[in-house]
Structures are given as C-alpha cells and as structure tokens.
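In what follows, every chain begins at residue 1, and chains take the letters A, B, ... in the order their sequences are listed. Side chains included, hydrogens not; waters and symmetry mates left out as well; all remaining heavy atoms used.
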Number of protein chains: 2
Amino acid sequence: MDSKVKSKASSKIRRKIDKERRRCDIIEAAKRIFFSRGYTGTTMDDIAEAAGLTKPTLYSYFKTKDELYYSLTLPIIEKLTENQKRIKEKLENGHYCCGSEIIRDHFNGYFELYAASPEAFRLFMLFQQTGMFHRLKKSIAEKINKQVKERYEAIRSIYSDAMKKNLIRTVNVYHLIDTLWGTFQGIVLSTEMKFGNDAAASEKALKVLKDTLDFARTIISESIENKN
Amino acid sequence: MDSKVKSKASSKIRRKIDKERRRCDIIEAAKRIFFSRGYTGTTMDDIAEAAGLTKPTLYSYFKTKDELYYSLTLPIIEKLTENQKRIKEKLENGHYCCGSEIIRDHFNGYFELYAASPEAFRLFMLFQQTGMFHRLKKSIAEKINKQVKERYEAIRSIYSDAMKKNLIRTVNVYHLIDTLWGTFQGIVLSTEMKFGNDAAASEKALKVLKDTLDFARTIISESIENKN
DNA sequence: AATAAAATTTTACCAATAGTTAAATTGTCA
DNA sequence: TGACAATTTAACTATTGGTAAAATTTTATT
C-alpha cells in the first residue's frame with residue numbers, strides 16, 4: 001500500500017519532469033533555428049522536427065509562435081533578477097565602499113549575461129522596445145512589459161539606497177538608471193553593428209565591447225561618485 | 001517644334017512627380033497602418049486600400065512588404081544626414097568654442113527627429129539592431145547596414161576633427177560615439193517604456209525625455225571637455 | 001479625333017504556413 | 001484487462017505574401 005502510493009506519486013512527478021524536459025528540448029531547438037534562420041525564416045514545423053515531435057504536440061506546449069519566440073528570453077530575465085539580488089544584498093550588508101563599485105558590478109552583470117548568450121540577450125533588448133511590440137500579440141507584449149518594469153523597479157531601488165547611503169551623489173535616480181541601461185545597450189548594439197552578426201563568436205569583438213563599456217563606465221562613475 | 005519638345009519633356013517630368021507623389025501616399029498610408037496595427041497585423045491589402053490603389057499596383061512601387069516597412073525610415077536617415085552636415089560645417093568654420101556645444105547640437109538633432117516622428121525614429125533604432133535583421137530579408141538588411149555605417153562614419157569624422165581642434169579631450173573616438181548614441185537611444189527607450197506607447201503624444205513624456213537627455217549630456221560633457 | 005504607350009484595375013491564382021481537429025496509436029498505471 | 005494521458009497521423013482551414021494576364025483607363029502624340 002505504501003509502495004502503491006509512492007509509485008503513484010513518483011510517477012506523477014516523473015511525468016512532470018518529463019514535460020519540463022521536453023519543454024526545454026523545444027526551447028533549445030527553437031533557439032538554434034530562430035537564431036540561425038530568423039523569425040520569419042523559421043516555421044513551426046521546422047521547430048517541431050528539430051525537437052523531435054510533431055506540430056500538434058508543439059502547440060500543446062506553446063500556444064503561438066510569438067509565445068515560443070518570447071520564451072527564449074526567460075532565462076535572461078531570471079539571471080538578471082539574480083544579479084540584481086546579489087547587488088542588493090551586497091549593498092545592504094555594507095560591502096560597497098563607493099558608487100563606482102556598484103556600477104561596475106551592475107555593468108559586469110549585464111556583460112556576463114550577454115557573453116553567455118548574445119542572441120538571447122539581443123532578443124531581450126529587442127523585446128524591451130515598445131516598437132518591437134508592434135510585431136507581437138498584445139498579451140505577450142503585456143507579459144514582457146510587466147517583467148521589464150519589475151527589473152526596472154529593482155534597479156531603481158538599489159540606486160536610491162546607494163544615494164541614501166551616500167555612496168552616490170544625489171541625482172535624479174530615473175535619469176541615472178536610464179542613462180546606465182541606455183549606455184550599456186547602445187554600446188552593445190554599436191559594437192555588434194561594427195563586427196557583424198557573428199560578433200559574439202569573436203574574441204576581439206568581445207574585447208572591444210568590454211573596453212568601450214569600461215570607457216563609458218569610467219565617465220559615468222567620475223561624475224556620479226560622491227566626493228567626501 | 002520647340003513647344004513639342006517642351007511638352008514632351010514636361011509631361012515626363014509631371015509623370016515622375018505623379019509617381020513620386022503616389023509613392024508618398026503609399027508611405028503615408030503604410031505609416032498609419034503599420035504604426036497602429038503593427039507589422040504582423042498589417043496586410044498588403046490593407047495598405048493598398050488605405051492608399052487608394054490595388055495590391056498589384058502597390059507591388060509595382062515596393063517589391064516586398066519588408067521593403068515598404070523599411071522605407072518608412074528613409075526620411076529619418078535623410079534628416080540625420082542633414083543634421084550631421086550642419087554640425088560638420090559649423091565645426092569647419094570654427095563656430096564651436098567647446099566640445100559640449102557639439103554634443104549639445106548632436107543630441108538636439110536626435111531629439112528633434114524623434115519628436116517630429118517618434119514611430120519612425122523608433123523603427124530606425126529597431127532596424128539598427130542586427131537582431132532585428134533576423135526578421136528582414138537579407139538584401140534589405142544589407143541596405144540598412146550600409147546606410148547606418150555611413151552615418152556612423154560621418155559622426156566619427158566630426159568627433160575626430162573636434163579632438164584635433166582641441167575642443168574635446170583626446171579619447172578613443174569609437175568609444176565616445178558609441179557611448180553617445182547608445183546613451184541617447186537607451187534613454188529614449190527607457191522613457192517610452194515608462195510612459196507607454198503613446199509617450200510621444202504626451203507633453204510630459206517629452207519633457208522627461210529632454211531632462212534625462214540633458215542629465216546624460218551634462219555628465220558626458222563634463223568628462224570629455226578639454227580643460228585648458 | 002485617332003492612335004500609341006503607360007499605368008492601373010480586375011480577377012484569379014499559387015504557395016507557404018500558422019493554427020486546428022479528430023481519430024488512431026502508444027505507453028503507463030492499477 | 002481496462003482506463004487514462006500523451007502523442008502521432010493526417011487531413012484540414014484560413015490567411016496572406018506575392019504573381020500573372022487580360023481588360024480598362026489615362027495620358028501624350030500625330
């Protein structure tokens with residue numbers, strides 16, 4: 001009787017795990033194909049085949065093509081959240097002795113995310129743009145918007161605290177974080193433009209990117225540091 | 001005989017003007033529909049109807065939907081070129097007495113363009129992203145890339161000259177212009193995100209945007225100014 | 001006015017593909 | 001064995017980007 005219950009429960013769990021793994025398989029396959037052939041160049045049949053299943057099954061995991069495309073950015077958002085949490089903790093525990101250290105961690109967090117999966121990061125940036133939403137179903141656009149706003153609020157709270165703690169000169173916090181994220185984003189885009197679509201693959205491109213980011217970071221840090 | 005030649009020539013000219021005007025009509029209609037219903041939500045039949053012609057005629061003006069979509073950014077690129085030319089001339093004629101004036105003109109040029117047609121400007125930013133090209137035909141992507149690179153080179157040359165003239169501290173010019181454009185772009189995006197898709201319509205949103213831009217411009221100017 | 005030439009409309013079509021449906025199949029547990 | 005869930009098969013719908021060709025209108029020329 002005990003074993004019965006156990007097997008019943010475990011089978012349910014296993015099923016759940018199976019489903020989860022299959023979802024992952026689909027996402028991995030979708031990544032490969034979307035990122036090599038583009039959105040328009042990719043059909044749902046392609047993805048189904050690459051993931052080793054059929055179209056109706058694919059549609060049982062993802063309601064629409066847009067939803068699948070969008071879900072490729074989920075890992076990015078998760079890791080972004082982790083990064084922010086880490087900075088927040090460090091700040092709360094008094095591990096920062098000046099503002100430029102925060103900005104450094106902040107930028108490095110973005111950079112590592114980008115380096116780990118440039119295509120996914122690019123997609124994330126793209127989705128942030130309200131303009132991009134023109135190409136998406138409304139429901140999806142709203143989901144993304146919500147998540148982006150949460151990340152925005154988290155980072156705002158970090159820099160507000162840093163100002164309270166006198167690590168950073170008191171300025172309009174919205175201006176500051178818009179400038180920070182904007183700068184990061186813009187530099188990534190410019191660098192990619194210069195090195196072409198395969199920028200990520202190239203060591204050199206990554207180095208140029210890092211250098212430019214350091215340049216911008218230095219400029220901003222200088223102006224923002226609290227001189228005491 | 002003279003009048004014959006004249007009428008022949010003028011009729012040809014008028015025809016050209018007609019075609020040009022029709023092209024404009026199409027672009028205006030496409031703008032309205034694309035910007036309200038989005039790319040996917042807009043069909044070529046819709047646009048044809050809105051422009052008061054039929055699909056085959058539409059296709060005689062624009063080879064593909066992507067090409068039409070992309071052509072909405074052309075006015076932006078033209079005006080961008082004008083702006084840059086104006087700055088270049090001012091610089092060559094010695095009308096700048098410090099670097100921050102250049103940066104001010106540079107940013108203001110972007111801002112005016114954005115304010116005049118936010119949707120088109122947004123589209124222009126979008127197209128700059130290599131990631132965006134995934135959704136475009138290769139030939140179009142290459143055209144855009146070429147134009148963006150030309151604008152990039154023009155602005156690089158301006159800031160190089162400014163350094164030679166000692167208006168700006170000597171730094172890596174690529175780092176500098178990537179930072180400038182990136183900052184502008186990023187701030188626009190962040191502001192739009194906050195105010196929603198109708199940001200442009202709102203006076204308040206425009207004011208916030210301008211303030212944030214001023215903030216970033218000040219920071220960058222301070223670091224970049226040549227102290228003598 | 002008559003005619004030639006260009007542009008446009010009409011109408012019909014093709015091909016690709018997002019998304020659906022329902023019956024048949026397989027595997028899993030009791 | 002029988003019940004249940006997930007999957008496959010296989011066919012289908014609807015939309016839409018894009019094309020083709022003949023008919024019609026507009027415009028310019030003689």
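- Note on ring orientation: taking the six-membered ring where Trp is involved, the planes of B/F184 and B/W181 are parallel (angle under 30°, cut-offs 30° and 60°).
- A sub-4.0 Å separation between OP1 or OP2 of D/dT7 and a side-chain N or O of A/Y61 is present.
- Straight-line distance from the NZ atom of A/K63 to the P atom of C/dT21: 14 Å, rounded to whole Å.
- Rounded to a whole Å, the CE atom of A/M44 is 19 Å from the P atom of C/dA16.
- Rounded to whole Å, atom P of D/dT19 lies 14 Å from atom CG of B/D45.
- Atom CG of B/L68 is separated from atom P of D/dG18 by 10 Å (rounded to the nearest Å).
- Cation-pi geometry between B/K204 and B/F195 is not met: the NZ or CZ atom fails to fall both under 6.0 Å from the ring centre and inside 45° of the normal.
- Residue A/R37 contributes atom CZ, which lies 14 Å from atom C1' of C/dT17 at whole-angstrom precision.
- Of the candidate nucleotides D/dG17, D/dT7, C/dA18, D/dT7 has the atom lying nearest to any side-chain atom of A/K19.
- When each of B/R37, B/R32, B/K65 is checked for a salt bridge (charged side-chain N to carboxylate O under 4.0 Å, His left out) with B/D46, only B/R37 meets the rule.
- We find that OH of A/Y69 is positioned 15 Å from P of C/dG19, with the value rounded to whole Å.
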Footprint string (nucleotides 9-15 of chain C, 5' to 3'): B base within contact, S backbone only, - free, heavy atoms under 4.0 Å: BBB----

Show every donor-acceptor pair shorter than 3.5 Å between a side-chain atom in residues 55-63 of chain B and any protein atom, with sequence neighbours excluded, or say none if there are none.
residue, atom, partner, partner atom, Å
B/T57, OG1, B/T54, OG1, 3.2
B/S60, OG, B/T57, O, 2.6

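- The side-chain heavy atoms of A/F215 and B/N172, taken from C-beta on, include no pair separated by under 4.5 Å.
- Aromatic ring orientation, A/Y159 versus A/H106: tilted (interplanar angle from 30° to 60°).
- Taking atom OH on A/Y59 and atom P on D/dT9, their separation rounds to 18 Å, with Å as the unit.
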